[in-house]
Protein chains: 2
Amino acid sequence: MLSDRQQMILNAIVDNYIHSAEPVGSRTISKREDIGFSSATIRNEMSDLEELGYLEQPHTSAGRVPSTKGYRFYVDNLIQPHLLEEAELGKLKQLFAERILHSEQVVEYTAQILSQLTNYTAIVLGPEIFEHRLKHIQIVPLNETQAVAIVVTHTGRVENKLIDLPEGIGAGEIERLVNLLNGKLTDVPLWQLRQRLYQEISGEMQRHTEQYEEILQLLNNSLTQEEERVYLRGATKILNQPEFRDVDKVKDILELLEQHDQLLSVIGMQGDGLTVRIGQENQLDAIKQCSIITTSYSLGGKPVGMVGILGPTRMEYGKVITVLNHLAEGLSRMLTSQFEK
Amino acid sequence: MLSDRQQMILNAIVDNYIHSAEPVGSRTISKREDIGFSSATIRNEMSDLEELGYLEQPHTSAGRVPSTKGYRFYVDNLIQPHLLEEAELGKLKQLFAERILHSEQVVEYTAQILSQLTNYTAIVLGPEIFEHRLKHIQIVPLNETQAVAIVVTHTGRVENKLIDLPEGIGAGEIERLVNLLNGKLTDVPLWQLRQRLYQEISGEMQRHTEQYEEILQLLNNSLTQEEERVYLRGATKILNQPEFRDVDKVKDILELLEQHDQLLSVIGMQGDGLTVRIGQENQLDAIKQCSIITTSYSLGGKPVGMVGILGPTRMEYGKVITVLNHLAEGLSRMLTSQFEK
DNA sequence: ATTTAGCACTCGATAAGCATGAGTGCTAAC
DNA sequence: GTTAGCACTCATGCTTATCGAGTGCTAAAT
């Protein structure tokens with residue numbers, strides 16, 4: 001529906017604006033080598049593009065700026081594959097070369113690298129561990145009334161929680177309980193634990209109802225504490241953007257970034273594959289001036305976490321998408337290999 | 001060396017500036033009920049105070065602003081005890097009423113409350129665990145080559161690390177090793193662990209040199225990962241301050257706050273008791289426009305962590321100091337009681 | 001039928017000029 | 001020692017003028 005020339009011009013305008021942050025005028029475009037038309041022609045096309053809703057004019061005598069619709073078209077149709085530089089590729093490779101790291105640590109570094117490479121804010125959601133299988137449960141009594149319960153998954157993740165002990169329970173009894181749990185539940189995927197606990201063990205555990213509940217809760221917690229899986233890096237990068245040189249404009253954004261639970265609704269598992277949310281397309285008011293690009297990474301083909309970038313609508317979409325894809329792929333490969341061992 | 005009247009005036013100026021953020025003029029002071037002098041008199045005194053270095057003038061025809069030296073005198077001599085409101089006290093009580101929380105969690109909430117009550121940025125350094133005693137060591141093999149080592153302290157803290165297993169070690173052998181470690185090292189304070197490992201066990205562990213090293217490293221890590229003990233809340237509060245309405249002014253500060261390792265040098269164990277760093281007194285350039293108030297909290301009388309507040313030099317010193325003292329005391333009491341069980 | 005040169009027009013941004021007023025420093029009187 | 005009075009300073013805000021990047025439109029050129 002847009003002519004080739006219109007697409008070419010829209011592309012040129014978006015490209016230019018992404019790098020200059022200034023409204024783009026017709027002359028600027030006509031001077032580009034790949035465009036063989038006078039500024040007057042460009043002006044006419046720009047006028048049409050504005051009427052169609054792809055461009056906006058801050059004021060009458062200014063150049064044009066892409067609208068959300070304009071960016072959307074750019075992202076969906078015009079974006080050209082971006083090649084990473086040697087140094088950038090190197091950093092990525094290095095990240096995944098590290099051995100002997102918990103998956104959470106890898107994810108944390110991923111956020112760091114992501115922000116460094118793109119100069120935008122990185123938001124990463126650590127992997128779900130539903131699919132991980134139980135390797136070991138341990139209850140270590142600390143004194144007469146308290147103990148710490150520990151759950152180890154087959155991937156080496158360790159979750160722990162302080163629990164209250166019922167009155168007068170003995171060390172022997174705790175040991176028996178733990179042995180029972182380990183015997184019955186080892187190699188059970190975490191998402192089945194709840195159910196299996198009720199099904200198989202409740203009968204034998206009537207004496208231990210209290211710990212039973214506590215343990216259930218621990219398992220639950222280790223599965224549901226989503227805020228704790230959010231990694232944020234480079235939050236202040238937004239301050240480098242010329243369109244956010246005003247404290248009032250960034251305040252809401254930075255406050256949002258501080259609340260990890262809110263971030264979940266921004267980046268939380270919204271389906272697999274790459275998603276681009278541009279400006280107004282975002283639900284939260286605080287980031288209607290921003291774009292968010294996310295993609296999922298997976299474990300054995302099943303999406304378990306997200307990596308994402310938050311930047312101004314005027315974002316280097318091409319580069320960010322490339323980097324995100326690389327990282328998501330690397331993470332998936334790494335997790336999967338670790339998981340399968 | 002300052003006359004009573006000078007002190008009174010300095011006090012009035014600082015108080016006023018803290019709340020208004022505007023340079024304070026002589027008339028404003030003379031109008032205050034507790035001051036019975038004309039603006040001319042005040043002017044003369046202000047002129048003297050400026051000459052002595054306690055006040056500064058942004059420009060000739062503006063009011064006066066306290067200098068670092070002025071704040072220093074205010075903090076050291078003039079500050080009046082601040083009473084907390086019911087609601088504020090309530091929040092503090094509630095915080096320490098929570099049971100069954102890991103000390104780290106309490107510390108995290110502390111940071112939250114601190115920032116909420118003061119409207120400044122809270123920086124809290126979680127407790128050292130040198131003094132904690134070893135309760136349990138566990139090594140859970142995940143496959144032929146990897147295992148996860150877990151250390152539990154008598155306070156319920158759990159540290160874990162992925163380790164590589166030496167070729168061809170059997171489950172039985174691991175179990176023997178763990179039993180040996182538990183037998184010899186239970187109830188040993190963590191700071192002694194290193195030494196004790198070498199002294200008592202190295203002989204019997206010649207076969208296991210590799211894990212030996214790994215375990216040492218785990219212990220080391222759990223003792224030295226200081227960045228991970230830094231809790232930051234309310235970083236964006238600084239954006240509410242009128243003197244920081246300029247992005248360039250806040251950028252450096254926020255970037256500093258993002259780097260937890262740097263924060264350590266700001267808040268890190270700088271001796272026990274209350275410390276106030278005012279403006280220029282700070283080492284780091286980024287926060288020479290800020291003041292930092294810290295105090296330590298302790299375990300059985302020994303300082304083990306810090307709570308701190310970062311705000312503009314124009315800070316409500318009285319209130320912040322009161323809140324910090326309350327929190328540090330509460331934390332100390334809580335930790336100590338938990339420790340002693 | 002396109003494309004382009006030319007030109008009048010718009011409007012934000014910048015600078016200059018000016019009035020305002022908060023605040024000072026100084027002097028002389030109390 | 002204190003204060004009233006007054007001239008002086010300087011940031012702030014307002015108005016006006018200038019500048020120039022960029023547009024839209026028209027008419028000529030292709």
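Letters A, B, ... are given to chains in the order of the sequence lines, protein chains preceding strands, and every chain is numbered from 1.
- The closest side-chain donor-acceptor pair between A:K91 and A:Q116 falls under 3.5 angstrom.
- Distances shown here put every side-chain N or O of B:R27 at or beyond 4.0 Å from the OP1 or OP2 atom of C:dG21.
- Rounded to whole Å, the distance from CG on B:N44 to P on C:dT24 is 11 Å.
- Atom-to-atom distance recorded for B:E22:CD and B:R314:CZ is 9.5 Å, nearest 0.5 angstrom.
- Residue A:I42 contributes atom CD1, which lies 15 Å from atom C1' of C:dA5 at whole-angstrom precision.
- For A:T41, counting side-chain heavy atoms from C-beta on, the closest listed nucleotide (D:dT3, C:dT3, C:dG25) is C:dT3.
- With values rounded to the nearest 0.5 angstrom, B:I253 atom CD1 is found 11.5 Å from B:L284 atom CG.
- Distance, A:D48 CG to C:dT3 P: 12 Å, rounded to whole Å.
- Between C:dT24 and B:R64, a contact under 4.0 Å exists linking OP1 or OP2 to a side-chain N or O.
- The side-chain contact (heavy atoms from CB on, under 4.5 Å) test applied to B:L52 returns B:L2, B:Q6, B:Y54, not counting sequence neighbours.
- In this model, the phosphate group of D:dG5 is not approached by any side-chain N or O of B:R43 to a distance below 4.0 Å at OP1 or OP2.
- Using modelled atom types, one finds no donor on one side chain facing an acceptor on the other under 3.5 Å when comparing B:R277 with B:Q283.
- Between A:A40 and A:P23, the residue whose closest nucleotide on DNA chain D is further toward the 5' end is A:P23.
- Residues B:E45 and A:G63 each lie close to DNA chain D; by heavy-atom proximity, the contact nearer the 5' end of the strand is made by B:E45.
- A heavy atom closer than 4.0 Å to some atom of DNA chain D occurs in A:Q57, A:T60, A:S61, A:A62, these being the qualifying members of residues 49-62 of chain A.
- Checking A:T236 against B:E258 by side-chain atom types alone, a donor-acceptor pair falls below 3.5 Å.
- Atom C1' of nucleotide D:dG22 and atom OH of A:Y17 are separated by 16 Å, given to the nearest angstrom.
- A heavy-atom distance below 4.5 Å is not found between the side chains of B:E316 and B:T118.
- Contact check, B:S26 against C:dT24: a side-chain N or O comes under 4.0 Å of OP1 or OP2.
- Following rounding to the nearest Å, A:M46 (CE) and D:dG24 (P) show an atom-to-atom distance of 9 Å.
- For the pair B:I29 CD1 and C:dG23 C1', the computed distance is 13 Å after rounding to whole Å.
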